[in-house]
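Positions are given from 1 along the sequence.
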Amino acid sequence: MTSVNVEMVKCACPDCVCVVSLEKAVKREEKAFCCDECADGHPDHSGCDHAGCACHG
């Protein structure tokens, strides 16, 4: 069986379209997020502010 090293993953925020490196991801509860806003569930309904992404939780 061949092993695969994953370096980039989609942000765990369901509305977010961002892809983040595992090295730079904000990690919460074993999930990888692109920023604190996504990781915190967008408590103030502010977006992640990344180009092309319209997530607001």
note = Per side chain to side chain contact (heavy atoms under 4.5 Å, CB included), F33 is matched among C18, C11, C16, C48 by C11

key: Residues that V9 engages under side chain to side chain contact (heavy atoms under 4.5 Å, CB included), provided they are two or more places apart   = V6, V20, L22, A32

query = Please, which pairs that meet salt bridge (charged side-chain N to carboxylate O under 4.0 Å, His left out) have at least one residue in residues 3-27, sequence neighbours excluded?
reply = none

key: Partners passing side-chain hydrogen bond (donor to acceptor under 3.5 Å, both in side chains) against D36 (at least two apart in sequence or in another chain)   = R28

query = Can you pull the side-chain hydrogen bond (donor to acceptor under 3.5 Å, both in side chains) pairs that have at least one residue in residues 48-57, sequence neighbours excluded?
reply = none

inquiry  = So, using side-chain hydrogen bond (donor to acceptor under 3.5 Å, both in side chains) as the criterion, who are the partners of S46 when residues are at least two apart?
reply    = E37

